[in-house]
Number of protein chains: 4
Amino acid sequence: MIATRRRFGRPLRLALIGGGPGSWIGGMHRTAAELDGAFRVVGGVFSSDPARSRAGGVELGFAAERCYGDIAELCAREAARDDRVDAVAVMTPNDTHYAISAAAVDAGLDVMCDKPVTETLAEARDLASRVARGARLFGIAHAYSAYPMMRAARQLVHDGALGAIRLVQVEYIQSGMAVRHEDAAPTNRLRWVLDPARSGQSLVMSAIGCHAQHLACFVARSRIASVCADLGALMPGRRVHDVASALLRFADGARGTFTVTQAAAGGENDIRLRVCGEKGTIEWNHRDASYMTVSMQGEAPRLLGRGDPWLPPAAPGTARAPRGHPEGLREAFATLYDELAEDRMLRSLGDTPPAPLYPTIADGVHTMAFIEACVRSSSQRAWVDVPATPGAD
Amino acid sequence: MIATRRRFGRPLRLALIGGGPGSWIGGMHRTAAELDGAFRVVGGVFSSDPARSRAGGVELGFAAERCYGDIAELCAREAARDDRVDAVAVMTPNDTHYAISAAAVDAGLDVMCDKPVTETLAEARDLASRVARGARLFGIAHAYSAYPMMRAARQLVHDGALGAIRLVQVEYIQSGMAVRHEDAAPTNRLRWVLDPARSGQSLVMSAIGCHAQHLACFVARSRIASVCADLGALMPGRRVHDVASALLRFADGARGTFTVTQAAAGGENDIRLRVCGEKGTIEWNHRDASYMTVSMQGEAPRLLGRGDPWLPPAAPGTARAPRGHPEGLREAFATLYDELAEDRMLRSLGDTPPAPLYPTIADGVHTMAFIEACVRSSSQRAWVDVPATPGAD
Amino acid sequence: MIATRRRFGRPLRLALIGGGPGSWIGGMHRTAAELDGAFRVVGGVFSSDPARSRAGGVELGFAAERCYGDIAELCAREAARDDRVDAVAVMTPNDTHYAISAAAVDAGLDVMCDKPVTETLAEARDLASRVARGARLFGIAHAYSAYPMMRAARQLVHDGALGAIRLVQVEYIQSGMAVRHEDAAPTNRLRWVLDPARSGQSLVMSAIGCHAQHLACFVARSRIASVCADLGALMPGRRVHDVASALLRFADGARGTFTVTQAAAGGENDIRLRVCGEKGTIEWNHRDASYMTVSMQGEAPRLLGRGDPWLPPAAPGTARAPRGHPEGLREAFATLYDELAEDRMLRSLGDTPPAPLYPTIADGVHTMAFIEACVRSSSQRAWVDVPATPGAD
Amino acid sequence: MIATRRRFGRPLRLALIGGGPGSWIGGMHRTAAELDGAFRVVGGVFSSDPARSRAGGVELGFAAERCYGDIAELCAREAARDDRVDAVAVMTPNDTHYAISAAAVDAGLDVMCDKPVTETLAEARDLASRVARGARLFGIAHAYSAYPMMRAARQLVHDGALGAIRLVQVEYIQSGMAVRHEDAAPTNRLRWVLDPARSGQSLVMSAIGCHAQHLACFVARSRIASVCADLGALMPGRRVHDVASALLRFADGARGTFTVTQAAAGGENDIRLRVCGEKGTIEWNHRDASYMTVSMQGEAPRLLGRGDPWLPPAAPGTARAPRGHPEGLREAFATLYDELAEDRMLRSLGDTPPAPLYPTIADGVHTMAFIEACVRSSSQRAWVDVPATPGAD
């Protein structure tokens, strides 16, 4: 990153869409984008209410002239500037991702979009077409896959260290929906989430299921080919999904299991991944994100951490601090931004960047195909195929 | 146990069927049965070859006159003794459990049988009838459910500490079949295991799947009502099952997931159980069997271990050594034997024993119903119902 | 922090002393200071060589006019600006901390200084006098004490949750000096470190011992009153200290133990703290920095993490992301900067800030008194008193 | 063991001294001695009151004729039997170990004695003379050193895998004395423990300090040459020691630290050992006794467990059950008994047994020398030498 940015001569300029004052995810994107100097955040749209958007941006310390009322205004006004933004980061409510992203792409901007990238597979495919047409870069903020250990795990799979992959297990357990929010007063801000007409095809899949699916596919380096899913609610009477379990079959023949829920009382934010190959197994737990266990058949398990000598020396995000100095989700987010920036800068410099590690719109299309397949499988109580994503892995 | 044995006046007398010299599971049963003085092992049948059986028993230190050639001889000759055996422990190959157990029950003996109790549901039901007819006791050696933490977990569920159970997840991961035993010389003792004609309906379900299913049902206090399973082999070309995953629905409405494999390269003997109720979640890992984590919604997770003040004071197997002095699988086995013995002694003394915690033939019937349902579901690629077990939970 | 900064109207302006391109600790300070908007880094001195300093600052993206040749130039030129810096962060080699800090304090700047604050107790006391005279703020970058769990642990001690403190154990284990750097070529940059004439009174105490001592005192809320220490080298023939162990007695009567080494082959960056009070014990391990175990006598141990309901709601650094989203050392550094900034802003606004949680010059004086006492004790092979720090706890 | 016992033709006969009904440590010794068939327990002395002793033995199931009133009666009456006992296991109160052991040794019996072996160094030396004179075997029940991982760790040290040992850290933390037993009614059975006139030179050293010291010396394969100790009480007003910390220097030059306490509120039974050599470090925690971490400089840490391929195949106690089947303290005790039995049987068969791994009277002499040195050091507030043990390591 550092060498590329030096050649490029400046950080990229980024506008935020969403992430106003008080938003923790806004602060996460903002600090992550700037962490290694890849981006400089210069303004954005900070609320769906134009007046609040402008005030919010100023409160966050941005120049008033770059705090806009909506994405259209941003695109129009930035286009007229010499120091126009290079990219936008989208962290608005789920049902606005598609329209905002499409507008930004069409305006010639690169995009880093929060998940889920769209509400439907059709939208995701449309977005992919626009990205291809405009030769834009499009990243999706599945930051869990950007932890150094997940990058290293994927590399081990690529290098054949585990042999052919046979079994992939992923789970994501939260407790935020273990409370009967339905009983709360109607002003409760979770109301729209609990309305099946507004929360999308599957609340739990949009919220965390997409993260789990992406992580599994990313590390195992394979798409999901078919699925038998059971979606529903752990909370009695709930009208939206708060739990999903599935049996998987990957395109390369590996089997898989998948469980996500936001309604496990007492849970924290627990993601577990196990990837078994013919020679050995990788296990990772988000609770201890800086390490993973690699157990090769016939050998003692090894506990691998950032900074281990065997890690590819150029692995993104592994060199910010020496081994044993804990890092977290912020650095993983920063790695996504760094990779997107490096991709952009190298293209601008006429170089051929390596295949992106950050999630792209092709990954988003696969995720939406998987979610729709899960919904279909669960209502049919049967295995269904996941439509293939042209041009992906 | 101690008070009851004192009233009863002597330990029960036990014969082993199987477990000859060199058998680790034989040593486990033998030492566990005697650990707290509930049983005294006096002889048995130690090989399917009569001559080797007698020699093996003597080598283990038993009186030659009580080392028999087969179960029929044992039953006949012991019946003629004043100090005849009270019970047999069966630890022979899987395909002999049914016939040996039936013979012992019919001869008026109580039985502790290794899993799987039979090869088919029909056999299990027949055995249940014989047990009922003879008013015998019949235990199954699912020792994992006898760890103090699993006893305590079931008690917490019973006491409503977790509220209604919503989600039950169990997995059992081994690596013994991650090697291509098929390529080994024909003298290889695993040959019969790898022959689908001889290894039963589902190798992995008979070997470890039954343990996982029993543990989940035991702690969650519910039977499995329906299942959607995916059985097969992780090892390419293998003709028997070495992996099984399933989506579950319990009789009380809880959802569940289930994954077992003997072919996870690098795995050890990892059993994990998570039981989520409306108020909180229990997590247990066989790797750290003496502790479990109880996470109540809105509270810090607690790490509970043997000897914690909240444990029911009479909990079986919790008082052998003070907290912090590690125990293992042997003590869990011993608890099964103690409970069976106490049940027998109390009945003999005219008392009404409490409902058994050790797995009974009714549990065995449910296990066989579950295994057959998994096989059916996997071949039909569909959800199927698990036939109910009359007279159980 | 946020509310105070809004009242103050702008972030504080910070200059870095040290931390040029390629320095990981420079990046750590820079990103941490800006993380929550408390500071904006505007320039500094980036090398002891004036030309390299100016070039390095520009390379890092600072305006050339604010990249200075040395601290004297920085103080003089910044004093002439309307937008002059409010503070400096010092991260130069150990033997320059005192002179740079003194210059900055005398120039009316606040300081955040890396440890050890000085080379001798006399220098530390002199610095304390200058700080008092100038009514400046002086923070020391003992960031380990700023992890949310360490803040919470100190609060628990303050609240009496553990009762009177009886035993404090701290250790800090690294492996960087487990290699015989002495055998490397003379260009080796560790050469000066290994020269006892240049590396200070005790290399290991300056490098990590001061962190361990501060952490123990911070959480236990007590100073060290006497010590019996054993300093030396694990590496045969080494002329500087790479290991130190000590028995402690705290001012409040608690006992303590202390072990630090940089020469434990295979070690990582392991810090462990155990604080036992009359009612219970806290245990924390840097390897799992986001959690700590609180074991109260007669209760099951609880695993406490950021975001647990019992945490003081205003605890610094606990609200950046929801529970279960890993954070690391960067956020701990940021908390130190936020606290220093809040202290400064509140004073400027005429408010009375609370007692600082960030380490102050009084803490630095105690640390240097402790180090000198350890050196004396080790050479005398006897217990010695640690001189009290006037005006401290 | 098994091959040797087969050649020897019978198990050894063991009498218990102490361990009456209700004693958990009695049950531990009894079941451990018999676990692998090395010993058969045939009787003993079960109380200091002769009548209670005889009744207790019968209640435990022993033949009345072999339940004796005291050790003298046992020695005299057993000597007259053809099937006389080969050995006694002593688990009486500390202040009786010496006299009972001496009587047994003088009567030609082998002994397994609970720790501490005696109350003074002089007694331990006297006992050593008697053992040598009678050519008896004398084991001490430091079972923690018999966990498979501790046997393996010692082997790694012996094989030079860690290189020269540089630093040894051991601690043993309990909470049983974190309660003010002094305030309880005078019938309290802890009364004598709390009376410095009756509890020996240092209560905490006799109770657990000796275990910690032995474990460190056993694994590091070195005696302690000098010590600087701080003994006392965490509980205010207590007249006996409940805490001890010490700085150590081993005979081979390694440094060490040592902390034991029975008064850490909320503690369990936590033993930690770290052994750093020039090439790597071993870490072990009794909480997870079946595994240890081996961290070699420049390599990822490995988690080693029973059954790992690298373990010496004949390592005692590693073959009772396959890897992944938890074992505990009972199996470690059994290993001590097996080793003592094998030693005895091989000598009887005219073979030369290997050097014992079980703790011998020479180890007991060193332990008592260490305890007396700690007491002296603590009262003198100075380093003192630990007298060497002739004929030991």
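So that the names make sense, note that chain A is the first sequence line, chain B the second, and so on, each numbered from 1.
- Note that CZ of Arg30(B) and CG of Leu16(B) are 7.0 Å apart. Values are rounded to the nearest 0.5 Å.
- Of the listed residues (Thr31(D), Asp288(D), Asp270(D), Leu35(D)), the greatest number of heavy-atom pairs within a distance under 4.5 Å of chain B belongs to Leu35(D).
- When heavy atoms are compared at a cutoff of 4.5 Å, Glu59(D) approaches chain B by way of both its backbone and its side chain.
- Interface summary for chain B: among Ala143(D), Gly267(D), Gly176(D), Gly328(D), the most heavy-atom pairs under 4.5 angstrom belong to Gly328(D).
- Side chains of Glu342(D) and Thr4(D): a donor-acceptor N/O pair is present below 3.5 angstrom, by distance only.
- Between chain B and the options Glu34(D), Arg287(D), His286(D), heavy-atom pairs under 4.5 Å are most frequent for Arg287(D).
- The greatest number of non-hydrogen atom pairs below 4.5 Å with chain D, out of Arg40(B), Arg10(B), Gln174(B), Arg330(B), is found for Arg330(B).
- Using modelled atom types and a 3.5 Å distance limit, the side chains of His214(B) and Tyr144(B) yield no donor-acceptor pair.
- Aromatic ring pairs are classed by plane angle as parallel below 30°, tilted from 30° to 60° and perpendicular above 60°; the pair Phe62(B) and Phe46(B) is parallel.
- Remark: of the listed residues Tyr291(B), Tyr147(B), Phe218(B), Tyr147(B) is the sole one forming a ring pair (Phe, Tyr, Trp, His ring centres under 6.0 Å) with Trp284(B).
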